[in-house]
Protein chains: 2
Amino acid sequence: MIQPRPRTIPEATVARLAVYLRVLSGLADGGRTTVSSGELASAAGVNPAGLRKDLSHLGSCGVRGVGYEVRALRERIARVLGAEQSRACVLVGIGNLGTALADYAGFGSRGFRFVGLFDAAPAQVGQEIGGLTVQPMTELEATVTAHEASIGVIATPAEVAQQVCDRLTAAGVRSILNFAPVTLTAPVGVDVRPVDLSVELQVLAFLGQQRSARAAEVTA
Amino acid sequence: MIQPRPRTIPEATVARLAVYLRVLSGLADGGRTTVSSGELASAAGVNPAGLRKDLSHLGSCGVRGVGYEVRALRERIARVLGAEQSRACVLVGIGNLGTALADYAGFGSRGFRFVGLFDAAPAQVGQEIGGLTVQPMTELEATVTAHEASIGVIATPAEVAQQVCDRLTAAGVRSILNFAPVTLTAPVGVDVRPVDLSVELQVLAFLGQQRSARAAEVTA
DNA sequence: GCGACTTTGTTCCTGCGTTCACAAGCGGTT
DNA sequence: AACCGCTTGTGAACGCAGGAACAAAGTCGC
């Protein structure tokens, strides 16, 4: 028995689906009911053919000659991404970045719900951010198990990130988003996704430098 | 005349080079003088063969039978990435995220130097963060031209991100790092690199969900 | 009611990134 | 001085993502 819709959606496609979801929400709020692949692709900054291929991974959803129904497509993508269910997340490290993450309203509408904020510094503990009170690190494991949190976000200094990672995985967290500038090691079965802001900046700078070099070469 | 070292380094390689640079700095601080590709790859979380291929893009730098000299390799990568020169950056949007970015010391050691912080809210203007004073938006163009800033970072709400992008590009900024959850459009010749935190979280959640589904299938 | 136009969904193809495997080269040892 | 083991650097194959072109299908106009 073969599944009509293969389970494996490429990671690059998943990232773009999340972007389409955001654009579709904006269109729906604007009162649009249908949208063509070309228009949606332009709003998302991708190629129209690629967009149609991405959408084909979740089955036919458009109407030929017309386009896609905005609300239906949004719901379909949300279902595939699992954004309709509420996922419990914990956030460790309430510095500036952690505060920004805890405060960010965009997560809530995407199916993410912070159930615990933690920091080692006593000065941060007790503070209220985005409707939650910052807890001491000792409460970490209890909160994770109580809410069955499967996602952890690390926004601590680099020095303690690995310890935090170890405690999170030991408590049952299976997916970790890591903002600390270190490479974390985790047991198999645990996904760690690094987001390094200075790496992003360096890639950007390099591309700009490369572009300038090419331009100078042409004029020479 | 053919360049012995082709100018075009794949973008994925550039991102990893930035990670290697970080790891090498840590090793150098720890007093290590040489390191093998296997060890470095493990510390960076990549495949040893891939690491060697990445390094091959910048010419032979290792010693067979021994490994790589830590300091020499670090300097070589830094030179290729342009991290040895100081690049002027401006940051627009001093909320929690913007404050975190302005405060982050990691940028300085990577060759980035903020020369201007800007916010539209009068309450933020005048505040001092990381040695700089937050300026009103009216000063944006003058600061960009005075320092010849080529990199702009947008950490504003989504609604004003496109306007800010337009003003930055008009003032001469050629590379933009965008943290606002919108797809920006910019003239050709300007690189915009989006960093969407909720997209990252959604991809992570989807991978976790997919993994769980596979596990359930196997046990069934 | 029929034809033409528009837009989707798919298929093919090209190029890139990644991985594996081996030859080349250097240091340590006898 | 010669050999052996270890490590780098590179060549080839594999798999994957991206882009273009085409067929299917549905709607609008006549």
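Per chain, numbering begins at 1; letters A, B, ... match sequence-line order.
In this structure, CG on B/Leu177 lies 11.0 Å from CG on B/Asp191, to the nearest 0.5 angstrom. The CZ atom of B/Phe118 sits 9.0 Å away from the CG atom of B/Leu168 when rounded to the nearest 0.5 Å.
Taking atom CD of B/Glu39 as the reference point, atom C1' of D/dC6 lies 14 Å away to the nearest angstrom. Atom pair B/Leu55:CG and D/dT7:C1' shows a separation of 13 Å (rounding to whole Å applied). Rounded to an integer number of Å, the gap from B/Leu73 CG to D/dT8 P is 11 Å. The separation between A/Leu40 atom CG and C/dT7 atom P is 14 Å, rounded to whole Å. In this entry the distance linking CG of B/Leu51 with C1' of C/dC20 reads 16 Å, nearest Å. Atoms NE2 (B/His57) and C1' (D/dG11) sit 13 Å apart, rounded to a whole Å. Atom-to-atom, CD of B/Glu11 to P of D/dA17 comes out at 16 Å; the value is rounded to the nearest Å.
Closest contact between the side chain of A/Ala12 and the listed nucleotides C/dG17, D/dG18, D/dT8 involves D/dG18.
For the residue pair A/Arg52 and A/Ser37, a side-chain donor N or O sits within less than 3.5 Å of a side-chain acceptor on the partner. Between the side chains of B/Ser212 and A/Arg174, no donor-acceptor pair is found at a separation under 3.5 Å.
When each of B/Thr156, B/Thr169, B/Asn178 is checked for a side chain to side chain contact (heavy atoms under 4.5 Å, CB included) with B/Val164, only B/Thr156 meets the rule.
Contact record, B/Ala161 with B/Ile154: O-CD1, 3.9 Å, taken as the closest heavy-atom pair. When all heavy atoms of A/Val153 and A/Leu101 are compared, the closest pair comes out as CG1-CD1, 3.9 Å. Between A/Thr145 and A/Ala171, the closest heavy-atom pair is CG2-O, 3.9 Å.
B/Gly62 comes within 4.0 angstrom of sugar-phosphate atoms only, judged by non-hydrogen atoms across all strands, and of no base.
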Would you tabulate the nitrogen or oxygen pairs shorter than 3.5 Å linking the protein to nucleotides 21-26 of chain D?
residue, atom, partner, partner atom, Å
D/dA24, N3, A/Arg64, NH1, 2.7

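The side chain of B/Asn47 places an N or O atom within less than 4.0 Å of a non-bridging phosphate oxygen (OP1 or OP2) of C/dC20. Listed pair A/Ser60 / C/dG9 meets the phosphate criterion, a side-chain N or O lying under 4.0 Å from OP1 or OP2. Considering only side-chain N and O atoms, B/Tyr68 lies nowhere under 4.0 angstrom from the phosphate OP1 or OP2 of C/dC26. Remark: B/Ser36 is not in phosphate contact with D/dT7, judged by side-chain N or O atoms under 4.0 Å from OP1 or OP2. Look at B/Ser56 and you won't find any side-chain N or O under 4.0 angstrom from OP1 or OP2 of D/dG9.
Residues of residues 182-191 of chain A having a heavy atom closer than 4.0 Å to DNA chain D: none are found.
Applying the 3.5 Å distance criterion, the base of D/dG19 shares a donor-acceptor pair with the side chain of A/Lys53.
With salt bridges taken as basic N to acidic carboxylate O contacts below 4.0 Å, one links A/Arg32 and A/Glu39. Ion pairing between B/Glu11 and B/Arg193 holds under the 4.0 Å rule for side-chain N and carboxylate O.
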